[in-house]
Amino acid sequence: MKAPTIKNDIFVMLIFSAVILSMPVWLEPLGASYPDLLQKFAIFGIFAVGYNILFGLTGYLSFGHAAFLGVGSYTAVWSFKLLTMNIFPAIIFSVLLSGLFALLIGFITLRRSGIYFSILTLAFAQMFYNLAYSVLTPITNGETGLQLARTDPRVIDRLFSEAGEGLPSTDFFGLAMSGYSGFYVCAVILIFAFFISQRIFHSPFGVKLRAIKSNQTRMKYTGYSTRPYLLTAFVISGMYAGLAGGLMAATDPLAGAERMQWTASGEVVLMTILGGVGTLIGPLLGVGIIKYFENIFSALNEQGLHQAYAFMPDWLANIMVPMTSPFVGEGWHLTLGSLFVLIVVFLPGGIMEGINMFKKLFSKKTSEPDFKPIKKKTTPETVK
Amino acid sequence: MDAIFLQILNGLDKGGAYALIALGLTLVFGTLGVVNFAHGALFMLGAFCSVSFYKLLTISKQVKDESITFFDAFKEQPYLEIWFGDYGTAIIDYAVPLSILFAIPVMLLIGLIMERGLIRHFYKRTHAEQILVTFGLAIVLQELIKSFFGANPIPMPPPDIVSGSAPIGALLGLSESVVYPWWRLIYLLFSGIIIASVFAFLNMTTYGMVVRAGMMDRETVGLLGIDVERRFTVVFGLAAVVTGLAGVMYAPILPPDYHMGMDFLVLSFVVVVVGGMGSLGGAVAAGFLLGILQSFASMNEIKAIFPGIDQIIIYLVAVVILLVRPRGLLGREGVMED
């Protein structure tokens with residue numbers, strides 16, 4: 001394999017940016033090019049890309065990343081309340097604070113590996129969630145969720161203008177965070193986030209993380225202390241989660257504790273796995289697919305199904321509708337769960353593995369590989 | 001003093017549920033080596049066994065309501081009442097305890113299907129993949145239940161005779177004001193019986209001995225000509241039954257809803273790691289210990305000193321234990337200590 005140089009990376013980046021930025025155009029025929037959904041794509045994309053840095057590279061399965069997302073959201077909303085409606089400081093604060101939390105939690109949880117790490121992160125996620133609901137109510141506003149109010153101080157905004165009527169809305173130096181402009185802000189941030197993750201993947205640091213995944217003991221024997229690398233990866237992915245949380249609050253200034261529940265972390269795991277763990281673009285694919293189908297499936301109801309099956313003969317449609325109706329609408333999670341099980345069972349590498357398999361199949365048919373694959377071992381196996 | 005006594009009872013009671021769930025989880029983990037994130041779903045399915053049994057018993061027919069004479073009024077009357085009169089009513093009243101009989105075969109079947117159909121293929125895969133696939137399975141089970149029974153909790157009444165509170169203070173010579181719900185006492189007793197019978201099965205029968213041997217050294221047991229896989233399938237079924245029964249009897253305490261499994265899952269994992277992965281005694285001990293700790297932490301006196309401690313005590317204990325004593329309270333040295 002050719003080592004990817006920065007030139008290659010930039011080339012990939014350009015294509016990637018073009019694809020992301022033109023999303024409103026090419027998603028039009030799919031019926032998914034409205035700003036709300038596009039923003040979700042971008043935000044969850046950031047979340048998944050960051051999660052992939054930890055899970056994809058090091059193999060450490062964390063169920064606690066939703067906590068960082070929640071921290072990011074709360075921080076951003078507080079920044080809107082106290083300082084300014086500009087999202088710039090909000091996002092900076094979200095990233096820093098969630099990074100801080102990640103440092104703390106990572107420092108503790110990374111003392112263990114494997115399933116213990118997963119359970120420790122679970123425990124922390126639950127602690128955060130429970131605290132957000134109970135004692136921290138003055139900060140998190142408990143079940144209602146943290147909201148903006150007209151009477152908030154917003155010190156920086158007050159320096160420039162008087163408080164207007166009604167709730168102010170978030171902006172990025174004058175660019176409104178709702179609608180398409182909001183999407184473009186998120187998309188540009190996603191592109192930056194992706195670029196950083198790409199550089200991490202191709203850096204010596206990324207190689208070390210992968211070495212941890214393949215054999216941590218051997219890595220230790222070569223003289224590396226793995227903890228600092230793991231912790232760095234954990235903090236980076238925590239910051240990504242915080243960034244996503246901050247953006248989530250920026251597009252919709254509301255933060256609730258349910259974002260921090262461990263099942264919410266499960267969702268990002270799902271997306272990453274579905275797309276392909278440890279691949280650069282996989283998690284984004286996963287996000288796209290899950291969010292797109294969530295949007296379509298959860299809007300379907302029985303009538304919609306009847307329309308969808310209009311091409312079938314009536315008797316078949318009448319059988320199919322009751323059979324598939326538990327999978328749509330409210331039951332969209334059922335589809336998601338089944339899909340997830342199927343993916344883990346049959347295609348542990350996710351969609352990217354599927355694409356690669358397909359590619360291999362395809363290239364075999366069209367062109368002979370320039371090396372002959374070894375069919376039979378002619379030499380006796382060497383002693384291990 | 002009275003308050004402390006009540007809190008201990010409360011803790012034992014919660015601990016009974018934790019211990020039962022953790023026992024099943026440990027059985028699966030110790031024998032099959034599978035980290036089963038669908039275990040909470042089994043608990044939830046157990047609770048819904050009692051719901052569906054109750055629904056089965058109360059399948060009704062519309063009959064004319066004789067008590068209203070002004071106009072023709074109809075009411076639903078269960079067939080059981082129509083056929084057996086008062087006995088039918090009594091059976092319906094005892095729906096929850098009777099559903100144990102219903103739940104045992106159902107949970108066994110579910111367990112066997114799960115093991116044969118899915119989990120069997122994951123013995124050789126990594127723990128992360130096991131977690132992922134069972135997590136997916138848990139979502140599927142949970143959503144299936146949701147689509148059948150709806151999203152709202154379904155209250156399940158305990159039998160009339162035990163729906164009140166036991167004057168436990170008067171019985172034990174404490175203050176008269178100490179009372180405790182009968183059903184919770186029954187749950188405590190029940191969990192004790194189940195735990196005892198699981199241990200008796202494992203320690204006093206040949207079958208159980210083989211299972212324990214398999215937990216220690218699977219390969220050697222296989223070499224002795226014993227079909228370990230088959231035994232382990234049965235163990236999975238047993239674990240499903242134990243967990244399911246914990247759920248059945250818990251239904252009157254906590255009205256079952258579709259996400260109760262996920263809520264209990266994290267707790268039960270915490271219990272298992274505190275007790276020590278793969279240690280059955282540890283799971284039971286940790287279950288009761290954490291239950292008691294949790295109920296003490298929810299006392300107002302303690303909450304006044306550490307606000308919010310009741311919400312996080314269990315996780316806090318788990319974190320400390322995992323860091324200080326990685327193999328848990330009673331875990332064997334060298335088992336899953338990475």
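In the text below, chain A, chain B and the rest are named by the order of the sequence lines, each starting its count at 1.
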With a 4.5 angstrom heavy-atom cut-off, could you sort out which part of [X] is near chain B: side chain, backbone, both or neither?
X	result
A:Leu334	both
A:Tyr129	neither
A:Val345	both
A:Ile343	neither
A:Ser134	side chain
A:Val135	side chain
A:Tyr60	neither

Verify the ring-centre separation between [Y] and [X]: is it less than 6.0 angstrom?
X	Y	result
B:Phe264	B:Tyr250	yes
B:Phe48	B:Phe149	yes
B:Phe135	A:Phe63	yes

| Trace of the side-chain contact (heavy atoms from CB on, under 4.5 Å) decision for A:Leu69 with A:Met260 | CA-CA 7 Å; A:Leu69 188 92; A:Met260 305 172 88; over 6 Å; no
| said: So which residue, A:Thr109, A:Leu339, A:Leu122, ends up with the most heavy-atom pairs under 4.5 Å with chain B? | reply: A:Leu122
| Which one of A:Leu61, A:Asn130, A:Ile273 has the most heavy-atom pairs closer than 4.5 Å to chain B? | A:Asn130
Go through the atoms of [X] and report whether side chain, backbone, both or neither lie under 4.5 Å from a heavy atom of chain A.
X	value
B:Leu265	side chain
B:Leu132	both
B:Leu323	side chain

| request: Kindly determine whether B:Asn152 and B:Asp257 satisfy side-chain contact (heavy atoms from CB on, under 4.5 Å), including the steps that lead there. | output: CA-CA 6 Å; B:Asn152 295 326; B:Asp257 57 12; over 6 Å; no
| request: Please identify each residue that fulfils salt bridge (Lys or Arg N to Asp or Glu O under 4.0 Å) with B:Arg218, with sequence neighbours left out. | output: B:Glu229
| request: Would you kindly check if the NZ (Lys) or CZ (Arg) of A:Arg227 is within the cone defined by 45 degrees around the ring axis of A:Phe107 and under 6.0 Å from the six-membered ring centre? | output: yes
| field | Interface residues of residues 208-216 of chain A facing chain B - non-hydrogen atoms under 4.5 Å apart | value | none
Residue, of [options], that accumulates the most heavy atom pairs under 4.5 Å with chain A:
options	value
B:Val272, B:Leu137, B:Leu141, B:Ile139	B:Ile139
B:Tyr315, B:Phe122, B:Phe148	B:Tyr315
B:Lys146, B:Met262, B:His259, B:Glu143	B:Glu143

| message | Strictly distance-based, threshold 3.5 Å: is any side-chain N or O of A:Asn52 a donor or acceptor partner for the main-chain N or O of A:Gly278? | response | yes
| query | Which word best sums up how the rings of A:His65 and A:Phe68 line up, parallel for under 30°, tilted for 30 to 60°, or perpendicular for over 60°? | reply | perpendicular
Distance in Å, [X] [atom1] paired with [Y] [atom2], rounded so as to fall on 0.5 Å steps:
X	Y	atom1	atom2	answer
B:Leu32	B:Gln130	CG	CD	9.5 Å
B:Leu23	B:Leu27	CG	CG	5.0 Å
B:Leu42	B:Met114	CG	CE	4.5 Å

| query | Side chains of A:Val49 and A:Leu284: does their closest heavy-atom pair fall under 4.5 Å? | reply | yes
